[in-house]
Amino acid sequence: MSRYIALVDCDAFYVSCERVFNPKLEGEPVIVLSNNDGCAVARSNEAKALGIKMGAPVFQIRELIAQHQVQVFSSNYALYGNLSNRVMQTLRNFTPEVEVYSIDEAFLALPGTCDATALTTIRETVKRWTGIPVSIGLAQTKTLAKIANHQAKRQDGICILDQPEAVLATLPVSEVWGIGRQSTKKLQAHGITTALDLQQVDLRWIRRQMGIVGVRIVQELRGIPCLPLELVPPLRKSCCVSRSFGRLVTTLDEMQEAVATFTARAAYKLRRDNLTASLLTVFIATNRFSPDQPYYRNSATVGLSCPTNDTIALTKAALQALEPLYRADQQYQKAGVWLGELTPANQVQRDLFINPHDQEKARQLMRVVDTLNRQPLSRTAHCAAEGLRQPWQMRVQRRSPRYTTRWDELLQVP
DNA sequence: TCTGGGGTCCTAGGACCC
DNA sequence: TCTGGGGTCCTAGGACCC
């Protein structure tokens, strides 16, 4: 074989990040929560063994946590993002062909001569240089590499899947990458229950049932690559900032603060990536789980006459879009801002009705604001519309220090 | 009391055109 | 009265991923 695809996946990534700076957590049940301290999104093996499921709402597992003294952390994205970069940089030492697929996963192209010793070297190097344990699956396609990785996690951290059929026969079809709940139901109804069953279906049949997506999955299971490595991340097409509130929001004032805050964050992300937006959508929603209140959600979209990444222009548009959505008789649980039709900032057409001098002044203002706010999540300079106290902010009750990105939160060795 | 956030891709169907 | 065939573009919504 001339070429392999490896999937390198960090083990319980957020938990592992916490353990790097807090070795006492080793061997203990540990979980990391989603934003707003809502659900468990990362679990150590010890926590998994207790039966804590991925995405379990915290309030449903309170007893389990107390009973087994599970260590609980809020998400600390500054820390996880930084450690993720270190892992990815380490992987680039082994091949230039690295696709960063998510915060904790990367696909690597490796030569066909690659063997278990090489994988072990990669694994041990990442652990030594970053402190993060990874598992590596190797196969002929991305979809098979995913499955190999799945196997690796159950073994000693590496798996080479040369003859996949035996493994596919034992794997429920729902575990195949790209097969979600709906597809699982449909496939099972036709007697396809294992990955091997899926590998052997008729291509015309799967085309009718699942479209081109299904065909690709089946081909990949057969060892025929359909999903190329994306070495250069494609330009983003949209950008969304949304949050659940720490407590319900009822007043228009607070909702405006929140929407202005989310807009500022989204505008910053555009400037960071050198993009502008022509479309802005605001959405607000009540709690969809509330049994005694009907679920109300609504959204409004405004087009921007000139593509922009200016916080002030975008905030004006967002507040204007919010106005007709807001209803005084509702208790809101969540809001968000979505920016669409993104184009590179240097390709923006001149707007005949905007004075270029004013535009340049606005750009300079944003540069100053971004410099003042360079510390992650800092709010040294912001619009008045964002408010000061922000009582609706999400809960972050158990966040560990931002060891690697804040001088004042460096690890101290007594 | 308490249920995340941020994305992408694909398809079907409507409007419109020649 | 008859009422084709092929194409593009746009949008909404579904499905899925981590």
Side-chain angles (χ1 to χ4, degrees), chain A residues 7-10 12-14 31-43 52-63 65 72-77 80-81 84 99-107 142-143 146 149-150 173-187 206-217 226-227 230 233-248 262 265-266 269-270 273 279 281 283 285-293 295 299 301 303 331 333-342 394-398:
Chain A
L7 175 62
V8 181
D9 186 306
C10 302
F13 181 54
Y14 297 172
I31 61 174
V32 177
L33 306 182
S34 63
N35 265 336
N36 216 24
D37 294 346
C39 316
V41 291
R43 306 154 295 151
I52 297 177
K53 296 268 180 282
M54 179 67 179
V58 174
F59 72 92
Q60 287 177 3
I61 53 174
R62 282 236 189 281
E63 281 193 11
I65 289 171
V72 180
F73 291 87
S74 300
S75 282
N76 185 345
Y77 290 109
Y80 310 152
S84 171
E99 174 186 336
V100 177
Y101 178 68
S102 73
I103 195 167
D104 69 338
E105 278 173 74
F107 289 104
K142 283 183 165 181
T143 305
K146 273 270 183 187
N149 191 281
H150 189 260
V173 73
S174 58
E175 302 281 314
V176 175
W177 191 37
I179 304 295
R181 256 214 311 265
Q182 300 304 318
S183 305
T184 300
K185 232 191 286 174
K186 188 183 282 183
L187 292 170
I206 198 74
R207 177 74 179 84
R208 276 200 308 279
Q209 295 296 319
M210 290 183 60
I212 191 71
V213 179
V215 174
R216 281 187 200 137
I217 293 173
C226 296
L227 307 170
E230 308 247 16
L235 280 186
R236 223 144 30 104
K237 294 174 177 167
S238 67
C239 166
C240 177
V241 175
S242 78
R243 294 282 183 278
S244 295
F245 300 128
R247 63 146 166 80
L248 295 174
F262 302 159
R265 175 77 189 151
K269 283 161 88 176
L270 291 192
D273 299 344
L279 221 50
T281 300
F283 58 90
T286 60
N287 185 350
R288 69 180 193 282
F289 297 103
S290 177
D292 39 49
Q293 231 198 358
Y295 182 35
S299 70
T301 300
Q331 301 187 305
Q333 198 244 344
K334 182 176 181 167
V337 174
W338 180 86
L339 300 176
E341 288 190 0
L342 306 188
M394 66 178 188
R395 288 180 288 270
V396 191
Q397 285 175 350
R398 298 153 176 274

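It should be emphasised that the depicted structure is a prediction, and the values quoted were computed from it without experimental measurement. A, B, ... follow the sequence lines: proteins, then strands. Residue 1 opens every chain.
- Here the side chain of A:Asp104 pairs no donor or acceptor atom with the backbone of A:Ala12 at under 3.5 angstrom.
- A distance-only check finds no donor-acceptor pair linking the side chain of A:Arg265 to the backbone of A:Val241 [under 3.5 Å].
- OP1 or OP2 of B:dG5 sits under 4.0 Å from a side-chain N or O of A:Ser244.
- Across all strands shown, A:Ser75 has no heavy atoms under 4.0 Å from either base or sugar-phosphate atoms.
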Please enumerate all protein N or O atoms sitting under 3.5 Å from an N or O of nucleotides 16-18 of chain C, with distances to 0.1 Å.
{"unit_1": "C:dC16", "atom_1": "OP1", "unit_2": "A:Gly180", "atom_2": "N", "d": "3.0"}
{"unit_1": "C:dC16", "atom_1": "OP1", "unit_2": "A:Ser183", "atom_2": "N", "d": "2.9"}
{"unit_1": "C:dC16", "atom_1": "OP1", "unit_2": "A:Ser183", "atom_2": "OG", "d": "2.4"}
{"unit_1": "C:dC16", "atom_1": "OP2", "unit_2": "A:Arg181", "atom_2": "N", "d": "3.2"}
{"unit_1": "C:dC16", "atom_1": "OP2", "unit_2": "A:Gln182", "atom_2": "N", "d": "3.0"}
{"unit_1": "C:dC16", "atom_1": "O5'", "unit_2": "A:Gly180", "atom_2": "N", "d": "3.4"}
{"unit_1": "C:dC16", "atom_1": "O3'", "unit_2": "A:Gly178", "atom_2": "O", "d": "3.4"}
{"unit_1": "C:dC17", "atom_1": "OP1", "unit_2": "A:Gly178", "atom_2": "N", "d": "2.5"}
{"unit_1": "C:dC17", "atom_1": "OP1", "unit_2": "A:Ile179", "atom_2": "N", "d": "3.2"}
{"unit_1": "C:dC17", "atom_1": "O3'", "unit_2": "A:Trp177", "atom_2": "NE1", "d": "3.2"}
{"unit_1": "C:dC18", "atom_1": "OP1", "unit_2": "A:Lys146", "atom_2": "NZ", "d": "2.5"}
{"unit_1": "C:dC18", "atom_1": "O3'", "unit_2": "A:Ser102", "atom_2": "OG", "d": "2.7"}
{"unit_1": "C:dC18", "atom_1": "O3'", "unit_2": "A:Asp104", "atom_2": "OD1", "d": "3.1"}
{"unit_1": "C:dC18", "atom_1": "O3'", "unit_2": "A:Glu105", "atom_2": "OE2", "d": "3.2"}

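- For the pair A:Gln333 and B:dT3, the criterion of a side-chain N or O lying under 4.0 Å from OP1 or OP2 is met.
- Here B:dG4 presents its C1' atom at 11 Å from CG of A:Asp37, a figure rounded to the nearest Å.
- Distance noted for atom C1' between C:dG4 and B:dC17: 14 Å (whole Å).
- Each of A:Asn35 and A:Arg395 was assigned the nucleotide of DNA chain B with the nearest heavy atom; the assignment lying further toward the 5' end belongs to A:Arg395.
- With hydrogens and angles ignored, the 3.5 Å screen pairs a side-chain donor or acceptor of A:Asp37 with a backbone N or O of A:Gln397.
- Taking atom CZ of residue A:Arg216 and atom C1' of nucleotide C:dA15, one finds them 14 Å apart after rounding to whole Å.
- Residue-level contact check: A:Arg62 touches the bases, meaning some heavy atom is under 4.0 Å from a base atom.
- Backbone-only engagement by A:Lys269 is indicated by non-hydrogen atom pairs under 4.0 Å involving sugar-phosphate atoms exclusively.
- Atom-to-atom distance recorded for A:Phe59:CZ and A:Ile65:CD1 is 12.0 Å, nearest 0.5 angstrom.
- The nearest heavy atom of DNA chain B to A:Glu230 and to A:Pro57 marks one nucleotide each, and the one closer to the 5' end goes with A:Pro57.
- Nucleotide B:dG6 holds its C1' atom 9 Å from the CZ atom of A:Arg236, rounded to whole Å.
- Using a 4.0 Å heavy-atom distance criterion, A:Ile212 is classed as a sugar-phosphate-only contact.
- For the atom pair CD of A:Gln333 and OG of A:Ser290, the computed distance is 9.5 Å after rounding to the nearest 0.5 Å.
- Using bins of under 30°, 30° to 60° and over 60° for the plane-to-plane angle, the ring pair A:Trp177/A:Tyr101 lands in the perpendicular bin.
- Distance, A:Lys334 NZ to B:dG4 P: 7 Å, rounded to whole Å.
- For the pair A:Gln331 CD and B:dT3 P, the interatomic distance rounds to 13 Å; values are reported in whole Å.
- In DNA chain B, consecutive stretches of 3 or more Watson-Crick or G-U wobble pairs with both distances under 3.5 Å are given as paired ranges: B:5-18 with C:5-18.
- Atom CG of residue A:Leu235 and atom NZ of residue A:Lys237 lie 9.5 Å apart, to the nearest 0.5 angstrom.
- If you take OH on A:Tyr14 and CD1 on A:Ile103, they are separated by 4.5 Å, rounding to the nearest 0.5 Å.
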Please tabulate, one pair per line, each protein N/O and nucleotide N/O from nucleotides 7-13 of chain C that are separated by under 3.5 Å, including the distance.
none

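- One atom, CG of A:Leu248, and another, C1' of B:dC2, lie 11 Å apart when rounded to the nearest Å.
- Judged by distance alone, the side chain of A:Lys269 and the main-chain N or O of A:Cys239 form no donor-acceptor pair under 3.5 Å.
- Remark: P of B:dG4 and CE of A:Met54 are 12 Å apart, rounded to the nearest angstrom.
- Using a 4.0 Å heavy-atom distance criterion, A:Val58 is classed as making no nucleic acid contact.
- Between atom CD of residue A:Gln331 and atom CZ of residue A:Arg247 there is a gap of 11.0 Å, rounded to the nearest 0.5 Å.
- From A:Ile212, atom CD1 reaches atom CD1 of A:Ile217 across 11.0 Å, with rounding to the nearest 0.5 Å.
- Classification of A:Lys146 and A:Glu105 as a salt-bridged pair holds, one side-chain N sitting under 4.0 Å from a carboxylate O.
- For the pair A:Phe289 CZ and B:dT3 P, the computed distance is 8 Å after rounding to whole Å.
- Counted within 6.0 Å of CZ on A:Arg398, heavy atoms from surrounding residues, nucleotides or ligands total 12 or fewer; the atom is thus considered open.
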